[in-house]
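One structure below.
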Amino acid sequence: IPGHNFEAGRFEVTFAEWDACVADGGCNGYRPPDEGWGRGRRPVINVSWNDAQAYVQWLSQRTGRQYRLLTEREWEIAARAGTTTEYSWGDDPPVCDQNARNGANFTVCTDNRTRPVGSFQPNGFGLYDVHGNVWEWVQDAEGSSRVLRGGSWADNPNWLRSAYRFRDSSTFRNYGIGFRLARTL
């Protein structure tokens with residue numbers, strides 16, 4: 001991320017990446033359901049904050065590099081991509097058009113499911129799907145809850161805004177929740 005001391009994953013963690021963790025004996029052996037939508041390049045879903053931590057631990061041990069979830073502040077910096085607008089592309093609401101600069105996977109899209117990562121245009125920092133597709137767990141806690149950012153395929157445009165946040169239990173799993181990785185430089 002230009003001007004900051006962290007990297008953010010270009011994509012949300014995929015089922016292929018998660019399944020590699022499970023196959024290698026990591027991720028507590030948990031194989032999240034894909035709701036019949038397919039695995040591979042789709043973002044992993046039905047993972048809790050605790051599950052995301054298990055993946056981070058496995059990947060860090062496997063690669064010898066320290067991975068983690070983005071902090072909430074880092075997530076917003078990465079998602080905004082240098083802007084101060086509602087979305088990284090400006091204040092125009094999202095549309096369900098993969099070729100549009102303001103394209104995102106959200107409630108008006110007709111297929112009612114996640115899309116493979118990178119299906120829509122990246123933001124100004126080259127990050128995909130920061131608005132829509134799946135909610136992303138971040139490292140931060142608020143009281144006994146953990147914070148999620150970005151909105152999902154099942155949400156309205158307001159929930160996809162760069163400033164919007166949601167929170168839930170660290171054990172909560174849902175078909176609209178995944179995560180993105182970070183690394184301190």
Side-chain angles (χ1 to χ4, degrees), residues 8-23 26-28 30-56 58-59 67 69-70 75-76 78-79 81 87-89 93-123 125-138 146-162 164-182:
R10 290 181 63 207
F11 306 104
E12 295 151 335
V13 172
T14 65
F15 267 109
E17 292 164 327
W18 184 274
D19 290 345
C21 175
V22 172
C27 294
N28 299 319
Y30 172 59
R31 187 171 162 82
D34 63 17
E35 305 297 326
W37 305 336
R39 297 178 89 78
R41 297 281 304 154
R42 288 191 187 270
V44 66
I45 55 173
N46 290 305
V47 290
S48 68
W49 184 89
N50 291 340
D51 297 329
Q53 295 300 322
Y55 181 86
V56 164
W58 169 80
L59 186 63
Y67 289 92
L69 297 180
L70 292 155
W75 186 94
E76 192 160 332
Y87 308 93
S88 63
W89 57 74
V95 296
C96 191
D97 178 349
Q98 292 177 245
N99 298 312
R101 68 174 177 71
N102 60 330
N105 188 19
F106 67 111
T107 193
V108 303
C109 297
T110 58
D111 50 2
N112 292 320
R113 65 187 71 183
T114 62
R115 299 266 180 99
V117 298
S119 293
F120 291 86
Q121 299 298 309
N123 73 7
F125 286 166
L127 305 180
Y128 292 83
D129 306 313
V130 292
H131 305 288
N133 216 21
V134 295
W135 285 98
E136 298 176 13
W137 288 112
V138 295
R146 293 292 174 172
V147 177
L148 296 131
R149 300 296 298 265
S152 82
W153 62 269
D155 295 315
N156 71 56
N158 281 338
W159 291 19
L160 275 59
R161 292 177 297 119
S162 298
Y164 195 83
R165 58 200 302 273
F166 189 73
R167 57 190 181 280
D168 216 308
S169 160
S170 64
T171 60
F172 182 68
R173 293 174 173 158
N174 180 276
Y175 53 67
I177 296 177
F179 63 99
R180 182 182 306 265
L181 295 177

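- Side-chain contact between Asn133 and Phe120 is absent, with no heavy-atom pair separated by less than 4.5 Å.
- Residue Asp51 forms a salt bridge (charged side-chain N to carboxylate O under 4.0 Å, His left out) with just one option from Arg31, Arg146, Arg173, and that option is Arg173.
- Atom CZ of Arg167 has 12 or fewer neighbouring heavy atoms from other residues, nucleotides or ligands inside a 6.0 Å radius.
- Put simply, the side chain of Phe11 reaches to within 4.5 Å of the side chain of Arg41, judged on heavy atoms.
- Summarising the geometry of Trp58 relative to Gly26, their closest heavy-atom pair is CD1-CA, 3.9 Å, with the distance given to 0.1 Å.
- Under the ring-ring contact (aromatic ring centres under 6.0 Å, His included) test applied with Tyr55, the options Tyr30, Trp18, Phe15, Trp49 reduce to a single match, Trp18.
- For the pair Trp153/Asn112, a side-chain contact is recorded, criterion being any heavy-atom separation below 4.5 Å from C-beta on.
- Asn46 contributes a side-chain N or O that, together with a main-chain N or O of Tyr175, makes up a donor-acceptor pair within less than 3.5 Å.
- The minimum heavy-atom distance linking Val47 with Trp137 is given by the pair O-NE1, 2.9 Å.
- The nearest pair of heavy atoms linking Ala54 to Asn28 is CB-ND2, 3.6 Å.
- The two residues Leu160 and Gly132 have their closest heavy-atom pair at CG-N, 3.6 Å.
- Ion pairing of Asp34 with Arg42 is absent here, as no side-chain N (NZ or NE/NH1/NH2) approaches a carboxylate O to less than 4.0 Å.
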Asn102 and Trp89: side-chain contact (heavy atoms from CB on, under 4.5 Å), yes or no, with the steps?
CA-CA 6 Å; Asn102 60 330; Trp89 57 74; 3.2 Å; yes
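- With contacts defined as side-chain heavy-atom distances shorter than 4.5 Å, the pair Arg149/Ser162 does not qualify.
- Arg180 contributes a side-chain N or O that, together with a main-chain N or O of Gly9, makes up a donor-acceptor pair within less than 3.5 Å.
- Tyr87 has its side chain within reach of Pro157: a pair of non-hydrogen atoms, C-beta onward, lies under 4.5 Å apart.
- Remark: Leu181 CG to Glu17 CD distance equals 7.5 Å, nearest 0.5 Å.
- In summary, of the residues considered (Asn174, Asp155, Asp168), a side chain to side chain donor-acceptor pair (under 3.5 Å) with Trp135 occurs for Asp155 alone.
- Of the possible polar contacts, none joining the Gln121 side chain to the Arg101 backbone as a donor-acceptor pair under 3.5 Å is found.
- A heavy-atom distance below 4.5 Å is not found between the side chains of Ser152 and Trp159.
- Side-chain contact between Cys96 and Thr110 is absent, with no heavy atoms from C-beta onward closer than 4.5 Å.
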For Phe179 and Val44, run side-chain contact (heavy atoms from CB on, under 4.5 Å): C-alpha distance rounded to whole Å, both residues' side-chain angles, the deciding distance at 0.1 Å, then the answer.
CA-CA 8 Å; Phe179 63 99; Val44 66; 3.9 Å; yes
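- No donor-acceptor distance shorter than 3.5 angstrom exists from the side chain of Arg115 to the backbone of Asn105, with no hydrogens or angles considered.
- The two residues Ala8 and Leu127 come nearest to each other via the heavy atoms O-CD2, 3.8 Å.
- Here the closest non-hydrogen pair linking Glu136 and Asp129 is OE2-O, 3.5 Å.
- Within the 4.5 Å cutoff, no side-chain heavy atoms of Arg10 are placed close to those of Pro122.
- Of the possible polar contacts, none joining the Asp97 side chain to the Gly103 backbone as a donor-acceptor pair under 3.5 Å is found.
- The structure places OG1 of Thr114 at 5.5 Å from CD1 of Ile45, a figure rounded to the nearest 0.5 Å.
- Side chain of Asn123 to main chain of Ala78: a donor-acceptor pair is present (N/O by atom type, distance under 3.5 Å, no hydrogens or angles).
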